[in-house]
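One structure below.
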Amino acid sequence: MNPPRPTTPEPRRDTPATAEPATHETLDRLWADPPGLWGQLTAVQNDKIGVRLILTGFFFLLLGGSFDSVLMRLQLAVAENDLLSPQLYNELFTNHGTVTMFLVILPLFEGFAVLLLPLLLGTREMPFPRLGAFGYWTFLFGGLLYYSATLFSHVPDAGWFAYTPLSGPQFSPDMAIDFWVLGLGVAEVGAIAVAFEIIIGVLKTRAPGMTLGRIPLFAWSLLVMAFMILFAFTPLIVGSLLLELDRGFGTQFFNPDLGGSSLLWQHLFWIFGHPEVYIQSVPAAGIVSMIIPVFVRRRIIGYNWLVASVVAIGFLSFGLWAHHMFAVGLAPIILSFFAAASMMIAIPTGVQFFAWIATIWGGRPVWRPPFLFVVGFLVIFLIGGITGVMVAAPPFDLQAHDSHFVVGHLHYVLIGGVAFPIFAGVYYWFPKFTGRLLSERLGRWNFWLLFVGVNVAFFPMHIVGLMGMPRRVYTYDEGLGWGIYNMISTIGVVAFIVPGIAVFVWNVVRSLRRGEAAGANPWGADTLEWAVPSPPAQHGWTNLPIVTSRHPLWDQKDLASGDESLVSTARGLGEWPLRWRAAVTVGTADGRPQEVFRVADPSIWPLVTAGGVLVIFLGELSKIRWSIGIGVLIVVIGAIAWNWPTDPPMTVEEEAEFERKHAVPVNAGGSVVISAWATAIGILFVSIAFSSLLLSYFYLRLENAQWPPVGIPDPGLIVGLVAAVLVVAAGLMARWGMHRLGSDDRRGFLAGLASSLAVGGLGLSLQIGDVTEMAFAWTDHAYGSVFHTLAWFVLVVGSIALIMTLTVLFWGFRRLYTSRRHAAVANVIRLWTAAQVIWSIGFATLYLAPRLT
Ligand code: HAS
Ligand code: CU
């Protein structure tokens, strides 16, 4: 543990990056996006993408978070009110929950991450700028698609968790829920894409010398958030796929009459939904850990404990989902397990709390707006956390479930625990990116209005909830005595929260033009982003900073000295190369430079690919199904064009020369290290999706006494077996080809890949024939539904491996690869390994498992 040190660090002010002004300008131009409309569409710069994500999140908040809630509160203010119809009320609470949980906090934090991480970590860009752009566009398209439901008067009305059977084809036959499933589906793809960026950004692109133990706490929490997004959103995408198949293709996943299960949806949803709440609170806690030390002038206490807590919360949060399902009739042993796990998560949360309080205790607080919001957070989040532990006890929850008590809990944790830190973060970092401070006076108004408002609006909900007032009911009887509490809640929203948000918006608008100039480090803060000018240059850093402490601006004399080899790399990158966008990857643990690589340039293809994703989902929404094929085609073409290799801007000899001088290899053709990481995480993503499908398969199997059900034959074994053997063999051939490339045997390489393609193609065709000829259909029974879905999933994985093999074969013919430059081939081989494993497990599940009963 970090020993509590009584020292008061002397903050160093204004430490601009030291470099030749001319170099600085050259780099600034080199890293800028092109001008004009075309520049906007092709933009990949992290500043731009980050700000877009943040603004889009706020935009959706104003649209869905505020407007809806005010209407709902006006309706509930008095008993037997008829301001809103029951149907409109259903639509409003559905929209409110959906928008805030999917379209607001997520892009806000992902935006913070993309905007801030390169400065915070001391690097020039995010590792995959084009992926960031793609993530933004898909997110925007998904949000707009979801919102367009209103234009067609088919507004989703089944709650933010869209429980089946209410959301299924029987009870929601019109398009409303399709907008929900498909619009959010597009946005989820975007969220996952940005999560890729964040994971690899934090792990691989940091300043020389920034070891794991020196990573700022906010970056740690963003890393955990990004992993959680990957692990939580993927099951949701799978769940949504199954729901859409039920709705659009007549499968029976959630239909109990034909072997399906409504609870399967609840499980898939909450495996996402519970982690989702921590996806929002983990980065919020990260902001708090950044701000407290700066405003109490003291190093954070318990850095290691804080890191361990965030990681523990990330893991634990995947073991609690069924506490949202205490009332569905789970076995007592399962109830106990989930209750205990839910209470256990209070431990790491408590550790964070005590570390923060201990840090504040010995410090000298400076009560400026960021710190005010942090203190407000501590108070409100504590109350929300305690009500959380209360509902984690099943006997209590059976009373409180589906009542306004839960509404009280969730708003305390979400507004106090998440929104307050976001406000704190905006007040804190706004000056860095605009060069101007937000007004202190307005900031105080902003804070006090919200702080009072949250308590006035949401505290009475606990009481009225325990008196029996349910949630999601548009009105209540006069004689129940609930009126006064509801009136107070409404006053809290209308008289305090709404003005509070208005003051904030006014503060931002006003300060953009008239705010006090900030300087590089207005708060005397300790982390790297405060060393560069406000606003920062496009490339962020001319000379990469060298990090030797956890609080570089407090502890280090300057950012240019350190161990000799680090200095050499940092200096090398400041002088050269100035013709292409160079950045550095570092060792995950030790922060030592591993590679100088070329960061991608602006490109239109991310936008095109995002458009393709939209077309796929639109095709399903409009039921013009052939356009799904067009969408897939656009995605494939877009992805290939986006990754089209360009000539490396320097020769192998020039690369070698840099390596001789600075002891770090150069890959001007693109990074070897991070592309391998990206492949690994891509494989992880596919594996999570596959596991979610397997989970559905075995869940349904447990729910059904007969498997396959009476009247449905076992799938014939022979063809499936032959296909599986061929696919595994195809993977081995590709691997052999790659081996030949290692010894510069180009013919052997091409022959290996070509035979892999032929054999794999044969295996795939056999399997497609087998599945289409199967004696049962996906509409027959949940067994048929899950059989066909799993089979097609495996086929898609196999097809991706084949398409990738075809691409590298094409480039192999054009002599792109050598024994030295072959990162793409190595990645395709990794993909093959995953495909082999997935195909084998898929085969065993589909063809062998039914025979075991
Ligand atoms: Fe929650 C429902 C349990 C934290 C958000 N939660 C929700 C919903 C949302 C939400 C949105 O077990 C509604 C979903 C819906 O639409 O139906 N929640 C917990 C627990 C914690 C918790 C145990 N929730 C959060 C956070 C959220 C969030 C953070 C968003 C940011 N929540 C539940 C349960 C339900 C639920 C049930 C389902 C209810 C139902 O019936 O539907 C914990 O993470 C809280 C830990 C934090 C603290 C405070 C700091 C800790 C200290 C240590 C000492 C404290 C101790 C506890 C030892 C506890 C200082 C003492 C206990 C006493 C009672 C005094
Ligand atoms: Cu939960």
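Please read all numbers here as calculations on a predicted model, not as lab measurements. These values consider heavy atoms only, across backbone and side chains, with no hydrogens, waters or symmetry-generated copies.
Using a 4.5 Å heavy-atom cutoff, the side chains of F102 and E188 are in contact. Residues K432 and V532 meet the side-chain proximity criterion, which asks for heavy atoms closer than 4.5 Å. Within the 4.5 Å cutoff, the side chain of L121 has no heavy atoms near those of the L116 side chain. Put simply, the side chain of Q538 does not reach to within 4.5 Å of the side chain of R29, judged on heavy atoms. Using a 4.5 Å heavy-atom cutoff, the side chains of F139 and V194 are not in contact. Side-chain contact between W644 and T807 is absent, with no heavy atoms from C-beta onward closer than 4.5 Å. Between F749 and D745, every side-chain heavy-atom pair lies at or beyond the 4.5 Å cut-off. Counting heavy atoms from C-beta outward, I624 and W626 have side chains that approach closer than 4.5 Å.
Donor-acceptor pairing under 3.5 Å is lacking for the side chains of H662 and T569. Inspection of the R735 and S756 side chains reveals no N or O donor paired with an N or O acceptor under 3.5 Å.
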Inset, instruction - Go through the steps to decide whether L764 and S799 satisfy the test side-chain contact (heavy atoms from CB on, under 4.5 Å), and finish with yes or no. - result: CA-CA 8 Å; L764 243 68; S799 317; 3.6 Å; yes

Inset, instruction - Run the numbers on M126 and I200 for side-chain contact (heavy atoms from CB on, under 4.5 Å), then give the verdict. - result: CA-CA 8 Å; M126 294 299 280; I200 299 173; over 6 Å; no

Legend entry - From CA spacing to verdict: side-chain contact (heavy atoms from CB on, under 4.5 Å), L757, M733: CA-CA 9 Å; L757 208 56; M733 289 168 185; over 6 Å; no

Legend entry - Residue pair F196, L230: steps toward the side-chain contact (heavy atoms from CB on, under 4.5 Å) verdict: CA-CA 8 Å; F196 262 62; L230 195 63; 4.0 Å; yes

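No side-chain donor-acceptor contact under 3.5 Å links R740 to the backbone of R747. A side-chain donor-acceptor contact under 3.5 Å links S675 to the backbone of V672. Formation of a donor-acceptor pair under 3.5 Å by the R124 side chain with backbone atoms of W541 is found in this model. Side chain of D28 to main chain of H24: no donor-acceptor pair is present (N/O by atom type, distance under 3.5 Å, no hydrogens or angles). No donor-acceptor pair closer than 3.5 Å links the side chain of D33 to the backbone N or O of G39. Using modelled atom types, no side-chain atom of E659 and backbone atom of V666 make a donor-acceptor pair closer than 3.5 Å. The main-chain N or O of V114 is never found under 3.5 Å from a side-chain atom of E197 such that the two would form a donor-acceptor pair.
Smallest separation of non-hydrogen atoms from A191 and L106: CB-CD2, 3.5 Å. Counting all heavy atoms, side chain and backbone alike, P283 lies closest to S221 at CA-OG, 3.8 Å. For the pair L223 and I198, the tightest heavy-atom approach, listed with the atom from each and the gap, is N-CG2, 4.5 Å. I683 approaches A834 most closely through the heavy-atom pair CG2-CB, 3.5 Å. In terms of heavy atoms, V673 sits closest to Q594 at CG1-OE1, 3.5 Å. Scanning both residues, P34 and T42, for their nearest heavy atoms gives CG-OG1, 3.7 Å.
Interatomic distance, CG of L559 versus CG of L528, reported as 6.0 Å (0.5 Å rounding). Atoms CG and CG, on L184 and L103 in that order, are 6.0 Å from each other to the nearest 0.5 Å. Once rounded to the nearest 0.5 Å, the distance linking CE of M228 with CZ of F233 reads 10.5 Å. Between atom CZ of residue R206 and atom OG1 of residue T588 there is a gap of 7.0 Å, rounded to the nearest 0.5 Å. In this structure, I215 CD1 and L212 CG are separated by 5.0 Å, a value rounded to the nearest 0.5 Å. Note that CD1 of I800 is 11.5 Å distant from OG1 of T805, once rounded to the nearest 0.5 Å.
Salt-bridge formation is detected for the pair R592/D563: a Lys NZ or Arg NE/NH1/NH2 atom is positioned less than 4.0 Å from an Asp or Glu carboxylate oxygen. R625 and E620 are joined by a salt bridge, as a carboxylate oxygen and a charged side-chain nitrogen come within less than 4.0 angstrom of each other.
Not counting sequence neighbours, H822 has no partner by the side chain to side chain donor-acceptor pair (under 3.5 Å) test. By the side chain to side chain donor-acceptor pair (under 3.5 Å) test, E595 pairs with T585, N667, S671, sequence neighbours left out. Not counting sequence neighbours, the partners of L732 by the side chain to side chain contact (heavy atoms under 4.5 Å, CB included) test are Q836. For the ring pair (Phe, Tyr, Trp, His ring centres under 6.0 Å) test, no residue two or more places apart in sequence or in another chain qualifies with F597. For T211, the side chain to side chain contact (heavy atoms under 4.5 Å, CB included) criterion is met by R214, not counting sequence neighbours.
Between F134 and W642, the angle of the ring planes lies from 30° to 60°, which puts this pair in the tilted group.
Other residues, nucleotides and ligands contribute more than 12 heavy atoms inside 6.0 Å of the CH2 atom of W580. Under a cut-off of 6.0 angstrom, the local environment of CE in M804 is sparse, with at most 12 non-hydrogen atoms contributed by other residues, nucleotides or ligands.
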Donor-acceptor list for residues 602-612 side chains, cut-off 3.5 Å, not counting sequence neighbours:
residue	atom	partner	partner atom	Å
S603	OG	W605	N	3.0
T609	OG1	W605	O	2.7

